[in-house]
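Report on the following structure.
Computed from a predicted model, the values in this text were never measured in an experiment. Excluded from the calculations below are hydrogen atoms, water molecules and symmetry mates; all remaining heavy atoms, backbone and side chain alike, are included. By convention in this document, chain letters (A, B, ...) are assigned in the order of the sequence lines, proteins followed by strands, and residues within each chain are numbered from 1.
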Amino acid sequence: MLEKEYFAQKIEKKWLDIWEEKKPYKTDDDSKKPKYYALSMFPYPSGKLHMGHVRNYTLTDVVARFKRAQGYNVLHPMGWDSFGLPAENAAIQHGANPKTWTLDNINYMKKQLKMLGLSVDWDREVTTCLPDYYKWTQWLFLQLYKKGLAYKKTAPVNWCENCATVLANEQVIDGKCWRCNSEVTKKNLSQWFLKITQYSDELLKDLDLLKGWGENVKTMQANWIGKSTGAILKFKVKELDNVEIPVYTTRADTVYGVTYLVVAPEYKDIELLTTDENKKAVEEYRNNAKKLSEIERLSTERVKTGVPLGTHIINPFTGRICPVWVADYALVDYGTGAVMAVPYHDERDFEFAKKYKLPMTQVIDGEGFKEGSCYIEKGHLVNSDKFSGMDATKARDAITQYAKDNGFGEFKTQYRLRDWLISRQRYWGAPIPIVYCPNCGEVAVEDKDLPVLLPEDVDFTQKGVSPIETSKTFRETICPKCGAKALRDTDTMDTFMCSSWYYMRYSDAKNDKECFNKDLVNKWLPVDQYIGGIEHAILHLLYSRFFTKALRDCGLLDFDEPFNNLLTQGMVLKDGSKMSKSKGNTVDPDEIYQNYGADTARLFILSDSPPARDFDWTDAGVEGCYKFVNRVYRLFEKFQNKINLNYNLEICNLNKKDEDFTRSVHIAIKKITYDIEHEFQFNTVISAYRELTNSIYEYVKDENAINYKVLSFALLTLLKLISPVLVFLSEEIYSSFNTTESIHNTPWPKFDEKLAKTSSITLIVQVNGKIKDKIEAEADLSNDELEKIAKESIKVKEAIMDKTIVKVIVVPNKLVNIVVK
RNA sequence: GCCGAUGUGGCGAAAUUGGUAGACGCACCAGACUCAAAAUCUGGCGUGGUUCACCCCACGUGCCGGUUCGACUCCGGCCAUCGGCACCA
């Protein structure tokens, strides 16, 4: 029996206890059903759940439950992205232990997640900061190392003074640290990198395979990879035998217009290229460049500066002698670090040449060309010897080919993507499993010695050193190769390493012999639906795609892309701006659970906007959803004794009212199923819930005219349709019919195509495209009949009275348009 | 500058293929129930005009133009907002 009134807390508590005990959402690896992998981006255990989490996990949960009802074997796991700076900062600021701090947070948030009613298989929970997980992160690092995909090199790297660590390129946003927003500087350090650039082309090309990803994310990744095709051209230095300067250019067609060359201040041969007279000025210029921050240097508004080195190059095409300059508009880490300057056809070179009164030669002509101003269009060549008159695009290839044939050039594809810097000078991460031996050099830790455990005897407060270096027990070890005294690497790995493979681990989460079983990972992956925030469009999603390809090449798995479909949810806003503690506009999920229950929270977070768009949280909106939940409850409470569970219903022998009502139920099944399957449009799903509920209320208005078989069918269908969203309420109501089975194990309702439409239609009658009349008519009439009905309309007759009919257009079941003159 | 997304009532939004623009909800207004309030139920709700009123007429999906019997939807050209990339040669 249902209680008289709806008490969310009581019902939800009851079912949470039952689910905890019975584990109804445990995934069976051996099921014969087709698999479906529904995945949410796992949370960082920051302390408490926020509404963004609620939105993310509700979305994935509803998808998981819907697919389960459709007969899929669903994997819906959850875990914790639990290494990272906030834990360590808590340790520094409040003297907490990062491990305790993290595990306490996980404990609390896990409880909150469970209260949301997620159908997660908690037996597959992964926690990246625990040794049973990071052992395998370390092992995977070593696989990449052995494959030559992880290497150590000294390079100018991004350094955040505030976080006291280096950062990957992807973690520098507009010259600032992604985490603390302070300015990033360059430091020359020896660091570990992963060779993501080896996959540049595949990462770009395979974006085309990702039909289930939004254009926005794919474009961001394509921009980030930044492919450009061009050529390397080599210029001999006049003053120095055996020295050449190679440049990268996408406009080889303009090579006859080169009037000078520019090298970056950090260019490797710059000292060689500087003559004694220019030494002082060049040194001064380079020192100034060093002082500039990334932000200043990258500003496009800055006036271009530079100084000549004193040496010259010989243009192999023209024989022309051109000076070499140093200027910071050339970037050391793109192309070759040197640029051939063609002032007439490049805006930057033009500006620079004008300022320093360097010569210009026009070599391209075409539409819109104006004497004395920069022309960057691709027209045809002039002043270019035998290439004159040629189309610029063709000339680009012809000139490169000529350079190649004569040994001073080649075709070259250039990417903007850089290798992924993964070392961090911080404590709370997976230690890099490498040992430095005085005899053998860099040596990998052996598999049997994994994991390399994080030391506990560390001091977080010492400035200028990584906390791990303060451990007395960690550093010293013996070389796995020769047994000599050796030192461990004291850096840890970027947390994005941990999150690049967690979704694979879920396929075999408890395996202590392997990172995952190959058959299981191949069975469950790729992920069928991945849901999470847009902020990972480049970082996590690009790294994970790279990891998948790299692990494939290590022989660990057999697929090319990890995530077939990606839904990037919008932000949760309140009063028009993102919820944040500093703005004081946050809403605490615990409070919502307490006041309205998790079902109402789930309903509301899905109701007002489609998932990809931002969602505006309003108190009135929650209130409205709570009213709906109560409205549904009252309906079942009132008719609970009249419901017949066997609702297989024949349409024949029904009167008009019952038939139309039955049709509206079929229409609802059809619409809801379609809207979930297409783009997860839960906002319209929920409006269909409301429409069906409204029509049930309409149907039961006249209590003497209720056919209880028909009503049972409608109510039970409604109950099943709302069950993926209102998980507790539907279970409570269903169990009140003395069923032993959970509603969440019952199949999704089917609709009858013949019944999923109305028996009568509103025929729209237009004259010359303007609506003149609306006529109720039987459905499925022939075109002739519809035309006849339309012409009988008095309003139509008036409108066409003194005119001739040119033609009549009939759209079956919809409209008739009479065209007159 | 290049690339991508978005633009519809007071608000969130809807409109499978070109075929009733504004479903569903929030807010608001009016009414029923009540001694009263809450809850609940019923009705109204794009703009302007006309009418005592139901009716009716015109306009209306960022702007301008086009295709079509018919355009939120297709095409061309703009504008605005948000996001990504960018002295990348």
Is the phosphate of [N], meaning OP1 or OP2, less than 4.0 Å from a side-chain N or O of [X]?
| X | N | answer |
| --- | --- | --- |
| A/Arg690 | B/C26 | no |
| A/Asn694 | B/G25 | yes |
| A/Lys795 | B/C56 | yes |
| A/Arg631 | B/C41 | yes |
| A/Tyr689 | B/C24 | no |

Round to the nearest Å and state the distance from [X] atom [atom1] to [N] atom [atom2].
| X | N | atom1 | atom2 | result |
| --- | --- | --- | --- | --- |
| A/Leu815 | B/G18 | CG | C1' | 11 Å |
| A/Leu692 | B/G25 | CG | C1' | 16 Å |
| A/Glu5 | B/A38 | CD | P | 18 Å |
| A/Ile764 | B/C69 | CD1 | C1' | 16 Å |
| A/Glu623 | B/C11 | CD | C1' | 17 Å |
| A/Lys218 | B/A5 | NZ | P | 11 Å |
| A/Asn813 | B/U16 | CG | C1' | 16 Å |
| A/Lys770 | B/U68 | NZ | C1' | 15 Å |

Report yes or no: do [X] and [Y] form a side-chain donor-acceptor pair below 3.5 Å?
| X | Y | answer |
| --- | --- | --- |
| A/Glu170 | A/Trp224 | yes |
| A/Asn595 | A/Tyr626 | no |
| A/Thr305 | A/Tyr356 | no |
| A/Glu778 | A/Ser759 | no |
| A/Asn683 | A/Ser609 | no |

For this session: Cation-pi check, A/Arg634 to A/Tyr6: give yes when NZ or CZ is under 6.0 Å from the six-membered ring centre and within 45° of the ring axis, no otherwise.
Result: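 Negative - A/Arg634 is either too far from the ring of A/Tyr6 or too far off its axis.
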For this session: For the pair A/Asp784 and A/Lys788, find out whether any cationic side-chain nitrogen is under 4.0 Å from an anionic carboxylate oxygen.
Result: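 No, this pair does not count.
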With respect to the side chain of [X], which nucleotide from [options] is positioned closest?
| X | options | answer |
| --- | --- | --- |
| A/Ala620 | B/A23, B/C26, B/A21 | B/C26 |
| A/Ser228 | B/A89, B/A13, B/G19 | B/A89 |
| A/Asn216 | B/C24, B/A13, B/G4 | B/G4 |
| A/Thr762 | B/G19, B/U20, B/C87 | B/U20 |
| A/Tyr674 | B/C3, B/U16, B/A89 | B/U16 |
| A/Lys701 | B/A23, B/A21, B/U42 | B/U42 |
| A/Asn223 | B/A5, B/G84, B/C87 | B/G84 |
| A/Arg613 | B/A89, B/A13, B/U20 | B/A13 |
| A/Arg416 | B/C85, B/C87, B/U40 | B/C85 |
| A/Glu215 | B/C87, B/U20, B/A5 | B/A5 |

Whom does [N] pair with, Watson-Crick or G-U wobble, provided both distances fall under 3.5 Å?
| N | result |
| --- | --- |
| B/G1 | B/C85 |
| B/A32 | B/U40 |
| B/U6 | B/A80 |
| B/C56 | B/G49 |
| B/A27 | none |
| B/A14 | none |
| B/C74 | B/G66 |

For this session: Could you classify B/G49 for me, syn or anti, using a glycosidic angle within 90° of 0 as syn?
Result: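 It is anti.
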Problem set entry | Residue whose nearest RNA chain B nucleotide is more 5′ - A/Trp224 or A/Arg634 |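 Per heavy-atom nearest nucleotide, the more 5' residue is A/Arg634.
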Exercise. When the nearest nucleotide of RNA chain B is assigned to A/Ala688 and to A/Met220 on a heavy-atom basis, which residue is associated with the more 5' position?
Worked result: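 The residue mapped nearer the 5' terminus is A/Ala688.
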Hey, does the side-chain of [X] have a donor or acceptor N/O within less than 3.5 Å of a partner on the base of [N]?
| X | N | result |
| --- | --- | --- |
| A/Asn817 | B/C69 | yes |
| A/Gln766 | B/G19 | yes |
| A/Lys807 | B/C69 | no |

For this session: Determine the interatomic distance between C1' on B/C87 and the same-named atom on B/A15; round to the nearest Å.
Result: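 Comparing C1' positions in B/C87 and B/A15 gives a spacing of 47 Å.
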Exercise. Distance between the C1' atoms of B/C52 and B/U16, in whole angstroms?
Worked result: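 Going atom to atom, C1' in each nucleotide, I get 46 Å.
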Problem set entry | Flag, side chain of A/Thr336 to backbone of A/Pro246, donor-acceptor distance under 3.5 Å |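 Flag set: sc A/Thr336 to bb A/Pro246 pair under 3.5 Å.
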